[in-house]
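In what follows, a single structure is set out as structure tokens and then discussed.
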Amino acid sequence: MSGFTIGINALRTALQRMNVAGHNIANVHTPGYHSRKANQIPVHGGGGGAQFDGMGVDISYISRARDVLIDEGLLRHRQEAGYYSQLERIIRHVETMINEPSDSAMSERLSDLFSTMQRWAGEPDDPTLQQAVINKADAVSGMFNHMDRELVYLRDNLFSAAEDTINEINRLTRSIASLNEDIKSTYAAGRSAAGLEDERDQMIHNLAELVNFSTHETAEGVKSINSGGVMLVSDVTNNELTVVEQDGVLRIFAGDRIKNEIAVPGGRLGGISTAHKEIITKYMDSLDELANGLRRQLNLIHTTGLVQGGRFTELEGGNPFTSEESMVHELGYDVPEGQDFLLIINVEDAHGNITPHELEIDTDQSARDFLDDIIDRINDINGVKAIDNEGRLRIEADPDNGGYAFGFATPFNPFPDPSTSTELKPEIFGEFTGNENLRYTVSFGGDGTVGEDNLQMQIEVEDPQGNTRTFTRTVDENYVPGTAIHIEQGLRLSLEGVPVEEGEEIQFAAYATMDEAGILDALGINTFLSGQGAAGLGVSRRLKEEPAMFATSMRPVTGDNKNLLKIADLNEERLMSRGTATFHEYYNNLVTDVGAMHQSIQNTLRSEEDLVKELSNQRESVIGVNMEEQLVEIMQSKNLYQGAMRYITVVTGYFDELAALI
């Protein structure tokens, strides 16, 4: 009966081969389908020696066409393509927002502000230009506010995008774990799981676009998936991902949120995480740096200037100093850390006499302690008093002694008192151009009368480190009393034509800055701009309500425009990026950086997409159904079937003849 068995095995094999070929043809356009192949082997029979014979043919197993190296490469590059495609979408939005091609863009608004400031400096008494400057500053602030809102909106949307992506990842890993279970049981039953494996492979390739991972396959056909050291799929179970936002950073966890935090370097989720943590944060920080730099530099000049009406009778800070934990230098106003910074407050009495008072500033103390300290120091000065108004510093001219006023503008005492003479009445004027605080002592080398005798003046200069140097100036009989005598660094001295005595001295200080730490900006005293960062920048409320309070002057003289000129000149000064860029250059560099990053990401994305396309084509050439090959398989199966039928017919005839003989 073995002859019949051989024929039946051949018929069964031919039918199986025909079915596999037909299944392949039916799935020629099914995504992710792997072409099947029926692998046939000879069936060995019993017997021994010369009597040994085989039992025909059988199908040992049905294999799926695949190339492991191509599959792994395709997964890796799909992860990269998903990562860079997400980054490209985000950076494109950032580039459009930052490089807004219109007259309302940031560069245009900055140019308008400084050009209007320059025009106003030419006509400092023009109230129309005064209001225009405030409007232009408001427009600049509004643009900063708008750009910050756009970036915050984009960042918030990234959290939603991360949640949506994680939901899709969890759906896929649940399905993969379920398929693992089905494949495992199918393998155990000795059946082919090719269809289940196709479905699982397609899900794994879809998952690769969303998150980075590596895979491992067991002998049972189960695939585990590992991402960032954490198992997303382990045997027949999956770990669900979750996302939270903490301190402006997206944190992604698998299963146990305490232990299994994932660093996601690839896939769409990795792109979202990188954009949220690095790209959006980078450009928000850059805009904040520009906004804070603009505010601080403008305020350093404005806070130490005067209004057209002269000095002040009252000023109140706009920023509360109430924290008992944060040090002054930690408040975000770029105040340096230290204990020996000078703040010079000039107090003017009813007779126009000005007395400079040096306040030593300690920024290495809490905001609350600092406020109490500076209030005490100011209250030790005759003619002014300070109070705490709900954490804000308020300075007032002493109401109990009329005629006082104060300010932070004049960098030297214009009318210093001589040590002995009451008739000399020296006057200091000019613009001090020094870059550090200096103390001057002018002494006369002999008795005589100014403008009649030949008088030798010795001038001693002491710097902040205690180093001294001396030089001399001669006032001879040709000197016209009241005219200027050049001292140095923009300072000039005039004398009345009165007698002087040998050894008589004139002492005064000249300050390179009236506020070394920029504490007035931090306190919000007499500021042009207020707020912190791009989100908070704005024209100070005081100026919006009273534009005439703009500090245009350095001296209480009608038409003085020195402060306006100093502010306008900031446009050309390199005050950003550690003194290497102007405000315009900093912003233009920011725009250029965004564009360069976009171009780099685009180039990388194109490269990854090309690789994915190439590998996909290679994979398809391996796993795809070749119609010609399947038709050949059908013809071979048909020939096998026909041959087997003839064989069975012949064997049947033999048995019929044998039966007749018996």
Side-chain angles (χ1 to χ4, degrees), residues 13-40 59-79 81-82 168-169 171-211 213-225 233 236 267 609-638:
T13 297
L15 181 60
Q16 284 185 283
R17 287 180 61 180
M18 183 78 73
N19 287 340
V20 170
H23 186 61
N24 285 338
I25 292 172
N27 286 280
V28 66
H29 297 304
T30 301
Y33 177 78
H34 290 63
S35 178
R36 312 289 200 266
K37 181 180 180 181
N39 297 277
Q40 65 183 51
I59 300 298
S60 61
Y61 65 98
I62 307 296
S63 63
R64 291 192 312 147
R66 62 179 301 205
D67 186 310
V68 174
L69 290 178
I70 292 176
D71 278 354
E72 290 180 351
L74 182 56
L75 283 176
R76 185 172 68 255
H77 289 291
R78 273 188 169 159
Q79 292 168 10
E168 180 64 12
I169 291 170
R171 184 190 69 79
L172 287 170
T173 56
R174 281 196 298 270
S175 297
I176 292 168
S178 177
L179 285 167
N180 273 345
E181 185 172 19
D182 293 341
I183 291 169
K184 188 176 183 180
S185 60
T186 303
Y187 264 64
R191 300 193 305 273
S192 170
L196 295 172
E197 290 174 325
D198 279 354
E199 185 179 355
R200 184 182 63 185
D201 283 355
Q202 187 64 29
M203 288 186 177
I204 288 174
H205 279 276
N206 291 340
L207 183 64
E209 297 179 2
L210 304 179
V211 66
F213 59 84
S214 60
T215 62
H216 174 71
E217 187 170 0
T218 68
E220 300 172 307
V222 171
K223 278 192 175 182
S224 60
I225 297 177
V233 177
V236 298
E609 288 176 337
D610 288 344
L611 285 169
V612 168
K613 184 177 180 180
E614 181 180 346
L615 288 168
S616 295
N617 290 336
Q618 291 180 18
R619 180 172 182 261
E620 187 60 31
S621 70
V622 173
I623 72 171
V625 176
N626 186 307
M627 292 296 291
E628 292 183 0
E629 289 179 358
Q630 301 308 312
L631 292 175
V632 169
E633 179 70 8
I634 290 172
M635 292 301 298
Q636 290 178 346
S637 300
K638 177 183 175 182

TODO: Kindly indicate whether the side chain of Ser616, heavy atoms from C-beta on, has any atom under 4.5 Å from the side chain of Arg78.
DONE: yes
Open item on the list: Between the side chains of Asp67 and Arg619, is the shortest nitrogen-to-carboxylate-oxygen separation below 4.0 Å, so that they form an ion pair?
Closed with: no
- [ ] Would you give the length of the straight line joining atom OG1 of Thr13 to atom CE of Met18, rounded to the nearest 0.5 angstrom?
- [x] 12.5 Å
Task: Value rounded to 0.5 Å, distance of NZ in Lys613 from CD in Gln618 - done: 13.5 Å
Open item on the list: Keeping Gln630 on the side-chain end and Asn24 on the backbone end, is there a donor-acceptor pair under 3.5 Å?
Closed with: no
Open item on the list: Please find the pair of heavy atoms, one from Arg17 and one from Ala38, that lie closest to each other, and give the distance.
Closed with: CG-CB, 4.0 Å
- [ ] Enter the distance from Glu620:CD to Leu74:CG here, rounded to the nearest 0.5 Å.
- [x] 11.0 Å
Open item on the list: Can a donor-acceptor pair be found, under 3.5 Å and without considering hydrogens, that links the side chain of Ser178 to the backbone of Ser175?
Closed with: no
TODO: Write down the atom of Arg36, the atom of Ala194, and the distance for their closest heavy-atom approach.
DONE: NE-CB, 3.1 Å
Task: Shortest non-hydrogen separation from Gly624 to Ser35 and the atoms involved - done: O-CB, 3.5 Å
TODO: State the CG-OG1 distance between Asn180 and Thr218, to the nearest 0.5 angstrom.
DONE: 8.0 Å
Open item on the list: So that I can tick it off, tell me whether Arg66 and Asp201 are bridged by a salt bridge, with the cut-off set at under 4.0 angstrom between side-chain N and carboxylate O.
Closed with: no
Task: Partners passing salt bridge (charged side-chain N to carboxylate O under 4.0 Å, His left out) against Asp182 (at least two apart in sequence or in another chain) - done: none
Open item on the list: Measuring only between side-chain heavy atoms, which start at C-beta, is Gln202 closer than 4.5 Å to Thr30?
Closed with: no
TODO: Please check if the side chain of Asn27 supplies one atom and the backbone of Tyr33 the other of a donor-acceptor pair under 3.5 Å.
DONE: no
Task: Student check: side-chain heavy atoms of Ile183 and Arg200 closer than 4.5 Å - done: yes
Task: Test item: side-chain donor near acceptor, Ser60 and Asn39, under 3.5 Å - done: no
TODO: Identify the heavy atoms of Gln16 and Ile59 that sit nearest to each other, and give their distance.
DONE: OE1-CG1, 3.3 Å
Open item on the list: Between Glu181 and Lys184 (salt bridge meaning N to carboxylate O under 4.0 Å), is one present in this structure?
Closed with: no
Task: Which atom of Ala193 lies closest to which atom of Thr186, heavy atoms considered - done: CB-CG2, 3.9 Å
Task: Side-chain touch Glu197/Glu217, heavy atoms, less than 4.5 angstrom - done: yes
Task: Separation between CD of Gln40 and CD of Gln636, rounded to the nearest 0.5 Å - done: 8.5 Å
Open item on the list: Contact between Met627 and Ile25 at the side-chain level, heavy atoms closer than 4.5 Å - yes or no?
Closed with: yes
Task: Straight-line distance of Leu631 CG to Asn626 CG, nearest 0.5 Å - done: 9.0 Å
Open item on the list: List the residues meeting side chain to side chain donor-acceptor pair (under 3.5 Å) with Asn206, not counting sequence neighbours, and say none if there are none.
Closed with: none
Task: Pairwise side-chain contact, Val211 with Gln79, heavy-atom cut-off 4.5 Å (strictly under) - done: no
TODO: Using modelled atom types only, decide if a donor and an acceptor are shared between the side chain of His34 and the backbone of Gly32 within a distance under 3.5 Å.
DONE: yes
TODO: Might you work through the side-chain contact (heavy atoms from CB on, under 4.5 Å) test for Leu179 and Glu199, ending with a clear yes or no?
DONE: CA-CA 8 Å; Leu179 285 167; Glu199 185 179 355; 3.8 Å; yes
Task: Minimum side-chain heavy-atom gap Phe213-Ile204 below 4.5 Å - done: yes
Task: His216 side chain reached by Lys223 side chain, heavy atoms, under 4.5 Å - done: no
Task: For Ser637 against Ala14, the heavy-atom pair lying closest together - done: O-CB, 3.5 Å
